[in-house]
Amino acid sequence: MKPLTRRQMAWRAAQDIQDGAYVNLGIGLPTMVSDFIPGDREIVFHSENGILGMGPAPKPGEEDKDLINAGKGLTTIVPGGAFFHHNDAFLMIRGGHLDLALLGAFEVSETGDLANWTTEDPNFAPGVGGAMDLAVGAREVRVLVEHTTKEGKPRIRKRCGYPLTAPRCVKRIYTNLAVLDVTRDGVVVREMVEGLDLTGLQKVTEAKLTLANDWKKIEAPAV
Amino acid sequence: MKPLTRRQMAWRAAQDIQDGAYVNLGIGLPTMVSDFIPGDREIVFHSENGILGMGPAPKPGEEDKDLINAGKGLTTIVPGGAFFHHNDAFLMIRGGHLDLALLGAFEVSETGDLANWTTEDPNFAPGVGGAMDLAVGAREVRVLVEHTTKEGKPRIRKRCGYPLTAPRCVKRIYTNLAVLDVTRDGVVVREMVEGLDLTGLQKVTEAKLTLANDWKKIEAPAV
Amino acid sequence: MINKVVKTLAEAVAGVRDGATVLCSGFGAVGEPVELLNALRETGVRDLVCVANNAGTGDEGLAGLIAAGRVRKIICSFPRTTDPHCFEAAYKAGKIELELVPQGTLSERMRAGAAGVGGFFIKTSAGTKLGLGKETREIDGELYVLETPIRGDIALCRADRADRWGNLTYRKSARNFNPVMAMAAALTAVQVREVVELGKIDPEGVVTPGIFVDRVVVT
Amino acid sequence: MINKVVKTLAEAVAGVRDGATVLCSGFGAVGEPVELLNALRETGVRDLVCVANNAGTGDEGLAGLIAAGRVRKIICSFPRTTDPHCFEAAYKAGKIELELVPQGTLSERMRAGAAGVGGFFIKTSAGTKLGLGKETREIDGELYVLETPIRGDIALCRADRADRWGNLTYRKSARNFNPVMAMAAALTAVQVREVVELGKIDPEGVVTPGIFVDRVVVT
């Protein structure tokens with residue numbers, strides 16, 4: 001059994017993004033998804049700090065310190081892009097104008113509750129940023145996350161242990177082992193990596209899993 | 001006793017507008033006030049349909065059908081002006097960003113209630129436009145109105161007979177006979193036209209009037 | 001590839017159902033999407049609830065839709081603007097329902113619909129006939145009323161320039177209700193003077209970003 | 001004549017009292033009015049409530065104000081941005097109170113303060129720890145929380161160009177919180193790259209109209 005690399009996880013999530021979608025990518029791993037959009041699709045990336053049509057990182061010599069993304073890294077804008085203020089940026093998010101938010105997570109529950117803003121570590125002040133806005137506002141919320149913690153604890157749980165970002169918002173989860181949908185009937189496995197079966201996947205998952213009749217192997221290229 | 005002409009009423013109201021003020025002028029008589037601003041003052045006129053820095057009516061040949069005022073007459077914009085959308089225009093109004101709204105009225109009560117949107121004439125559908133927004137939102141609301149109706153009925157009343165635009169909002173009233181302030185102690189006469197005394201003014205006013213100690217004659221030029 | 005530009009007015013207004021809520025932009029005739037409204041009339045759709053600042057001018061556009069008996073109800077701030085004879089005839093005949101909303105409240109209710117705001121308190125209309133029946137609340141000693149969001153099934157807008165992504169710019173006071181209505185509907189169709197190449201609109205100068213726009217047609 | 005341009009940073013921040021609520025713009029260091037914040041620190045004012053997206057970067061601007069012990073409380077969405085050591089030291093020492101507000105809620109609460117909205121219902125934070133204690137309401141089957149407006153005694157902003165009426169334009173993503181904060185305070189001071197002649201800013205391209213601006217200083 002060979003788990004996906006982080007780049008392969010990003011590649012897999014990218015394949016499901018439809019041509020013409022307006023998409024917000026969360027900070028961290030989800031940001032990497034923009035590198036793997038199939039070339040025939042035109043996707044408009046949104047950033048909380050007032051950008052639509054966000055492009056790739058700037059080439060050396062083309063950096064502009066006034067042009068950053070939500071993670072505060074330097075970025076670019078593509079033809080057709082627009083700048084606007086923070087309030088309009090969040091009107092877009094909260095008002096249901098984004099087709100998709102693809103976010104990181106600490107945990108997801110079997111009903112789609114999302115916990116991705118705080119682990120309540122007493123050593124650090126908490127921060128929430130735009131996490132809650134995206135979770136309640138995007139038309140569809142998908143999560144991109146390692147199937148377990150480094151210590152092997154499941155991240156897909158019956159109930160989240162960490163404080164919620166929003167209840168019942170996640171529809172699909174991409175992990176290094178599987179693609180899972182949160183449905184009314186619980187968590188359904190759509191795809192698994194080669195060599196893994198439901199029993200094996202269930203062992204590292206706290207939520208009860210069901211295998212889709214038409215489940216298939218994830219065929220990820222060596223990206 | 002010589003009442004002010006409508007142009008003189010507009011002149012008188014204009015004299016009180018401070019340099020640098022942001023002002024919305026109601027439709028009708030108040031619109032005329034902009035013609036009488038003393039030349040050393042720079043006033044920024046606001047229009048509900050998304051203009052700051054509204055100028056005079058266009059000269060022949062300079063009309064632009066996309067540039068109208070709240071009364072839907074053609075207008076112009078001065079250097080320093082800005083266009084914005086309706087929602088921002090009313091954010092400015094309701095949020096207390098206008099220094100002054102100078103409005104027409106059917107009636108004003110002795111507590112400053114304003115009635116200026118409907119006479120409930122069953123022959124016509126009512127319209128309210130931006131009247132209520134201006135009445136509740138501007139930092140100061142002043143009214144410019146003939147002291148009585150054509151039939152001689154008082155417009156400054158104990159209580160308004162017509163439906164209110166907003167309660168307790170009017171601070172000053174300019175009529176063809178007097179300048180009056182609505183205070184906690186009732187309606188105070190600040191100025192009257194030559195040859196009129198308090199008894200004469202009270203006769204055409206339903207609200208109880210008090211004469212200010214420092215009241216004076218309105219000295220309006222023949223504009 | 002994203003291309004929101006459609007070839008005909010008919011395509012731009014296709015799919016509107018009887019009973020739909022239609023946001024009709026414009027302040028008087030300025031910024032009014034007259035040709036889109038005419039095209040909507042030609043679809044034969046009826047029982048519409050129209051949201052607009054006025055209630056039509058002359059015989060075209062919103063006025064024509066009303067004259068044709070397609071508008072069951074109008075939600076507006078000031079029905080009697082320049083030459084409102086189509087509305088007046090329908091109103092006097094009892095053929096159109098009128099919901100009168102203060103202009104800023106109308107705009108703010110649509111913004112709420114666009115922004116995921118489920119309701120909001122403002123002072124406008126508190127203590128007046130137009131505030132009757134509304135939930136009230138005293139905030140810092142002043143009376144506020146609760147207002148609810150308005151969302152359209154379709155918004156009909158008019159802009160100056162567009163690109164194929166639907167980014168829009170406007171001209172002078174023709175901007176008016178267009179940006180807020182474009183945001184507040186499930187489907188937004190815009191008639192424009194010209195479509196320019198992608199990238200020709202300065203990203204600093206986009207007034208309505210394409211995310212709010214579904215269909216663009218040149219008139 | 002209207003001339004909002006002042007000569008010095010000290011004039012731009014004059015008159016702020018102890019205990020004031022200060023809206024501090026910027027997203028990280030981008031769009032942060034660093035020099036105005038430094039000037040505010042030099043006035044010696046204290047017990048401030050600062051509203052910002054983050055809680056300062058490096059040692060200047062908002063970070064410097066915190067390091068100097070002038071900030072009693074910070075209302076922000078994400079205190080730990082790039083190099084937040086001034087905030088972290090104050091926070092660990094228990095010298096600064098933190099009110100954590102989701103980013104869009106923070107922005108919307110200031111817009112409400114600017115727009116005469118006394119309160120509004122949104123879904124963000126409903127059913128979470130950050131929603132605890134908030135009034136809730138079910139609207140169309142979904143849970144909303146009531147949020148209240150935020151207004152500043154002063155807003156400190158940063159723009160690209162201004163004219164003497166205070167009209168502003170911004171540069172790229174440095175626009176961020178500046179327009180909403182500029183609207184939401186009793187007094188708004190803005191540091192700009194350049195002041196241009198009145199009329200040089202295209203009226204279609206003004207992002208913050210001068211009505212929201214009180215003082216402009218070139219840095």
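Protein chains get the first letters and strands the later ones, always in sequence-line order, with residue 1 at the start of each.
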Check each atom of [X] against the heavy atoms of chain A and say whether the ones under 4.5 Å are side chain, backbone, both or neither.
X      : value
D/E88  : side chain
D/L143 : neither
D/V207 : neither
D/F87  : side chain
D/F27  : both
D/R80  : side chain
D/A55  : neither
D/N54  : side chain

Would the number of heavy atoms belonging to other residues, nucleotides or ligands and lying under 6.0 Å from [atom1] of [X] be above 12?
X      : atom1 : value
A/D121 : CG    : yes
D/K200 : NZ    : no
D/K134 : NZ    : yes
A/R190 : CZ    : yes
A/R139 : CZ    : yes

Fill in the blank from the handout: Taking every heavy atom of A/D181 against every heavy atom of A/R172, the minimum-distance pair comes out as OD1-NE, 2.7 Å
Is there a donor-acceptor contact under 3.5 Å from the side chain of [X] to the main chain of [Y]?
X      : Y      : result
A/Q202 : A/T205 : yes
D/N53  : D/Q103 : no
A/E191 : A/L180 : no
A/N87  : D/S107 : yes
A/Q15  : A/W11  : yes
A/D16  : A/R12  : no

Tell me, out of [options], who's got the most heavy-atom pairs with chain D below 4.5 Å.
options                        : answer
A/D113, A/V136, A/V128, A/L134 : A/V128
A/G137, A/A131, A/G129         : A/G129
A/P167, A/A125, A/G130         : A/A125
A/D64, A/I51, A/I93            : A/D64
A/S47, A/G81, A/A70            : A/A70

Heavy-atom cut-off 4.5 Å, strictly under: side chain, backbone, both or neither for [X] against chain D?
X      : value
A/D88  : neither
A/P126 : both
A/T165 : backbone
A/F83  : both

Practice task
List the steps, then state whether side-chain hydrogen bond (donor to acceptor under 3.5 Å, both in side chains) holds for A/E120 with A/T118.
Solution key: CA-CA 5 Å; A/E120 299 194 300; A/T118 182; 5.8 Å; no
With respect to chain A, which residue among [options] yields the maximal number of heavy-atom pairs within a distance under 4.5 Å?
options                       : result
D/T82, D/L130, D/V101, D/I122 : D/L130
D/T124, D/T81, D/T105         : D/T124
D/L106, D/N176, D/N178, D/L98 : D/N176
D/L100, D/V180, D/V30         : D/L100
D/K129, D/R171, D/M181        : D/R171

Problem - Intermediate values then yes/no, salt bridge (Lys or Arg N to Asp or Glu O under 4.0 Å), A/E63 and D/K172 - result: CA-CA 12 Å; A/E63 300 89 348; D/K172 305 190 179 182; over 6 Å; no
Problem - Cation-pi check, D/K92 onto A/F124 ring (under 6.0 Å, within 45° of axis) - result: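 Judged by the rule, D/K92 and A/F124 form a cation-pi pair.
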Problem - residues 53-61 of chain A: residues contacting chain D (heavy atom under 4.5 Å, by number) - result: none
Handout entry: Output field: ring centroids A/H86/D/F177 closer than 6.0 Å
Key =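 Aromatic pair counts; centres sit under 6.0 Å.
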Practice task
Under the salt bridge (Lys or Arg N to Asp or Glu O under 4.0 Å) rule, what do D/K123 and D/E142 come out as? Steps first, then yes or no, please.
Solution key: CA-CA 8 Å; D/K123 286 189 276 188; D/E142 296 200 85; 3.2 Å; yes
